[in-house]
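The structure appears below as structure tokens.
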Amino acid sequence: SDLMSRAGAAYARWCERRDARALDEVRDAMGWLDERGNGLFSSLGHAWLADIAAARGQDGLARRHAARALRRSRAGDTLGVGLACRAMASLAIARNTDDAAAVRARRWLARAQHFAALRGSRRDRAETQLRAAAIELDLHQPQRAAALLAEANTAFEAMQMAWHREQVRRLRERLPG
């Protein structure tokens with residue numbers, strides 16, 4: 001729908017330049033769709049909200065929307081579940097990077113990979129590797145991060161996803177040596 005297109009464009013602006021209005025735009029679109037019972041692919045909109053909220057440190061909002069995306073998977077709408085899991089993985093280490101937080105983050109990433117496999121989505125698999133690499137860097141695990149970045153880059157190259165390859169390049173700059 002037109003609203004989902006606008007929500008997707010707002011999320012893209014968030015990813016590209018951290019546009020502060022993106023959260024409100026996606027939330028407004030999802031609110032309108034939810035009120036009318038238009039649940040088709042709404043897991044993706046809720047996942048976008050979870051990801052933006054997690055990055056902005058709005059933990060409660062991130063958890064609520066991730067939960068809504070995950071609930072939608074029970075109705076067969078798994079489009080946004082991988083991203084919702086990635087958002088929760090990021091949230092798991094946002095406040096501290098102790099061993100328990102690392103375990104929680106990696107569990108969420110494993111769930112994201114599970115859903116990518118269920119959907120047969122190479123893109124979701126590679127995007128999860130990319131997020132996992134960023135998390136491993138934050139956890140001071142550069143060797144794990146480098147391996148994940150190599151795999152993700154190969155996949156993004158094959159899928160001709162230039163923006164994602166640029167994200168790989170930026171994360172590689174954080175690798176030691």
Electrostatic pair Arg27:Asp24 at N-O distance under 4.0 angstrom: yes
With salt bridge (Lys or Arg N to Asp or Glu O under 4.0 Å) as the rule and sequence neighbours excluded, what pairs involving residues 130-149 come up? Asp51-Arg131, Arg106-Glu136, Glu136-Arg144, Asp138-Arg174
Does Arg13 come within less than 4.0 Å of Glu16, counting only side-chain N to carboxylate O? no
Side-chain heavy atoms under 4.5 angstrom apart, residues restricted to Ile, Leu, Val, Met, Phe, Trp, Tyr: same cluster for Leu44 and Leu49? yes
Treating Ile, Leu, Val, Met, Phe, Trp and Tyr as nodes and any side-chain heavy-atom pair under 4.5 angstrom as an edge, say whether Met4 and Trp32 lie in one connected cluster. yes
Could I get the full list of side chain to side chain donor-acceptor pair (under 3.5 Å) partners for Asp59, not counting sequence neighbours? Arg95
Test side chain to side chain donor-acceptor pair (under 3.5 Å) applied to Gln160 - qualifying residues, sequence neighbours left out: none
Sub-4.5 Å side-chain heavy-atom contact between Leu23 and Trp14: no
Indicate if Leu91 and Leu137 have the same hydrophobic cluster label, given that clusters are the connected sets of ILVMFWY residues with side-chain heavy-atom separations under 4.5 angstrom. no
Taking Ser43's backbone N and O only, do any of them form a donor-acceptor pair with Asp77's side chain (distance below 3.5 Å, no angle check)? yes
Which residues share a side chain to side chain donor-acceptor pair (under 3.5 Å) with Glu151, sequence neighbours left out: Arg125, Gln129
With sequence neighbours excluded, tell me which residues meet salt bridge (charged side-chain N to carboxylate O under 4.0 Å, His left out) with Arg74. none
Whether His65 and His46 hold their rings parallel, tilted or perpendicular, with breakpoints at 30° and 60°: parallel
Sorted by chain and number, sequence neighbours left out, side chain to side chain donor-acceptor pair (under 3.5 Å) with Arg68 holds for Asp34
Treat each ILVMFWY residue as a node, draw an edge where side-chain heavy atoms are under 4.5 Å apart, and state whether Val26 and Leu83 are in one component. yes
